[in-house]
Amino acid sequence: MGWLHTARFLTTAAQLHQLPALEVPEIAFVGRSNAGKSTAINTLTQQTQLAFASKKPGRTQHINLFALGRQGMTDAVLADLPGYGYAAVPLADKQRWQRVMANYLVSRPNLAGIVMLADPRHGLKELDEALLEVIRPRVEDGLKFLVLLTKADKLNRTEQARALQITRLQAGGGEVMLFSALKRQGVEQAALWLRGLVDEQPPASTAPPTTDTTET
């Protein structure tokens with residue numbers, strides 16, 4: 001898990017063209033605004049403020065990239081995508097970011113895997129299922145996909161087992177794990193999945209990428 005603890009901020013982008021072109025594998029974290037995405041990223045990387053957890057979910061409207069690699073090298077990147085589905089965000093902003101996210105997930109060439117965060121008490125919602133449809137062609141072509149059921153500590157064992165069973169049926173071939181930042185449940189398992197995903201990728205340049213400073 002020490003590899004994940006090397007995570008450091010790389011760049012932020014409001015539009016896809018602002019993202020740097022990278023050769024190393026990229027793993028995207030997606031989920032509804034209240035699914036605990038930022039908390040999961042911070043827990044996995046053992047950092048308290050790497051991913052910004054806003055007091056008003058859904059307000060962050062940038063793609064944030066975090067580099068992973070020891071001794072200043074970069075052998076993988078985590079992409080924190082904006083949360084979706086929060087009612088307080090204006091409809092126009094929701095629609096714009098849904099398009100940006102869909103385009104990212106369909107077209108980002110070095111995207112190697114996707115981690116979807118979901119609250120098991122509510123299951124996968126309409127927007128989650130819509131996102132699954134967007135990525136289905138890439139999953140069928142080999143893109144790795146994981147659903148992390150966050151806040152698992154709020155369920156008893158019977159409820160956890162039922163949530164796993166239902167989500168596996170919905171996930172369309174993706175893996176499903178229970179996760180609790182509070183109880184540290186599933187943290188090591190998820191970390192090993194991320195490490196394994198990167199290890200499966202063909203070797204690429206490990207030179208530290210430069211940050212794109214393009215103005216909009």
Side-chain angles (χ1 to χ4, degrees), residues 7-42 45 47 49-69 74-118 125-139 141 143-146 194 197-198 201 204-205 207-216:
R8 56 207 180 270
F9 177 76
L10 176 59
T11 191
T12 185
Q15 299 291 339
L16 294 185
H17 71 268
Q18 296 175 319
L19 291 172
L22 301 174
E23 295 182 1
V24 297
E26 194 161 294
I27 305 166
F29 281 68
V30 300
R32 294 178 64 85
S33 299
N34 57 354
K37 178 166 56 66
S38 297
T39 299
I41 293 173
N42 289 336
T45 59
Q47 299 186 43
Q49 295 181 333
L50 183 70
F52 178 67
S54 173
K55 293 182 179 180
K56 295 183 178 180
R59 290 298 187 187
T60 302
Q61 297 187 359
H62 289 72
I63 297 173
N64 296 309
L65 300 186
F66 308 111
L68 292 170
T74 298
D75 48 35
V77 168
L78 301 182
D80 182 11
L81 273 62
Y84 51 84
Y86 191 66
V89 177
L91 179 59
D93 288 345
K94 286 184 184 180
Q95 293 173 335
R96 179 173 65 85
W97 267 105
Q98 286 171 18
R99 290 193 297 270
V100 170
M101 289 176 62
N103 289 337
Y104 167 90
L105 295 169
V106 168
S107 65
R108 185 67 168 163
N110 64 317
L111 185 64
I114 296 172
V115 180
M116 174 184 282
L117 291 299
K125 297 294 187 180
E126 182 178 352
L127 286 175
D128 299 317
E129 293 175 350
L131 187 145
L132 291 180
E133 285 301 312
V134 168
I135 67 173
R136 188 176 303 280
R138 294 195 73 171
V139 172
D141 286 340
L143 182 73
K144 299 296 183 180
F145 174 54
L146 170 67
L194 293 167
L197 172 60
V198 172
Q201 302 303 308
S205 171
T210 57
T211 300
D212 191 331
T213 57
T214 303
E215 297 290 339
T216 58

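All heavy atoms count here, side chains included; hydrogens, waters and symmetry mates do not. By convention here, the first residue in the shown sequence is residue 1.
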Report task. Mind listing the closest non-hydrogen atom pair of Met101 and Tyr84 along with its distance? Result -> CE-CD2, 3.6 Å

Query raised in the report: With sequence neighbours left out, what residues match Gln49 under side chain to side chain donor-acceptor pair (under 3.5 Å)?
Result: none

Report summary line: Residues Gln201 and Pro25: closest non-hydrogen pair is CG-CB, 3.7 Å

Query - Partner set under side-chain contact (heavy atoms from CB on, under 4.5 Å) for Asn110, not counting sequence neighbours - result: Leu22, Glu26, Arg108

Report summary line: Separation between CZ (Phe29) and CG (Leu194), nearest 0.5 Å, reads 5.0 Å

Report task. Would you indicate whether the side-chain heavy atoms of Ile63 and Leu16 approach each other to under 4.5 Å? Result -> yes

Requested in this report: Compare all side-chain heavy atoms of Val198 with those of Leu68 and state whether any distance is below 4.5 angstrom.
Outcome: no

Requested in this report: Report the residues that fulfil salt bridge (Lys or Arg N to Asp or Glu O under 4.0 Å) with Glu133, sequence neighbours left out, ordered by chain and then residue number.
Outcome: Arg136

Query raised in the report: What residues form a side chain to side chain donor-acceptor pair (under 3.5 Å) with Arg99, not counting sequence neighbours?
Result: none

Report summary line: When every non-hydrogen atom of Ala51 is compared with those of Phe66, the smallest separation belongs to CA-CZ, 4.2 Å

Report task. Any chance you could measure Leu146, atom CG, to Leu117, atom CG, to the nearest 0.5 Å? Result -> 8.5 Å

Query - Worked check of side chain to side chain contact (heavy atoms under 4.5 Å, CB included) between Thr74 and Arg8 - result: CA-CA 10 Å; Thr74 298; Arg8 56 207 180 270; 3.3 Å; yes

Query raised in the report: Within a strict 4.5 Å, meaning less than it, do heavy atoms of the Leu105 and Arg138 side chains meet?
Result: no

**Report entry** Least distance between heavy atoms, Gly113 atom then Leu143 atom
**Finding:** N-CD1, 3.6 Å

Query - Lys144 (side chain) donor-acceptor with Ile27 (main chain) under 3.5 angstrom - result: no

Report task. Mind listing the closest non-hydrogen atom pair of Met116 and Asp128 along with its distance? Result -> CE-O, 3.6 Å

**Report entry** Shortest non-hydrogen contact from Gly69 toward Asp75
**Finding:** CA-OD1, 3.8 Å

Report task. Starting at NZ of Lys37, measure out to CG of Asn42 and round the result to the nearest 0.5 Å. Result -> 10.5 Å

**Report entry** Residue that, paired with Asn64, satisfies side chain to side chain donor-acceptor pair (under 3.5 Å) out of Thr11, Asp80, Thr12
**Finding:** Thr12

Requested in this report: Determine whether Leu65 and Pro20 make a side-chain contact, defined as any pair of heavy atoms from C-beta on separated by less than 4.5 Å.
Outcome: yes

Report task. Using side-chain contact (heavy atoms from CB on, under 4.5 Å) as the criterion, list what pairs up with Ala13, not counting sequence neighbours. Result -> Gln18, Leu19

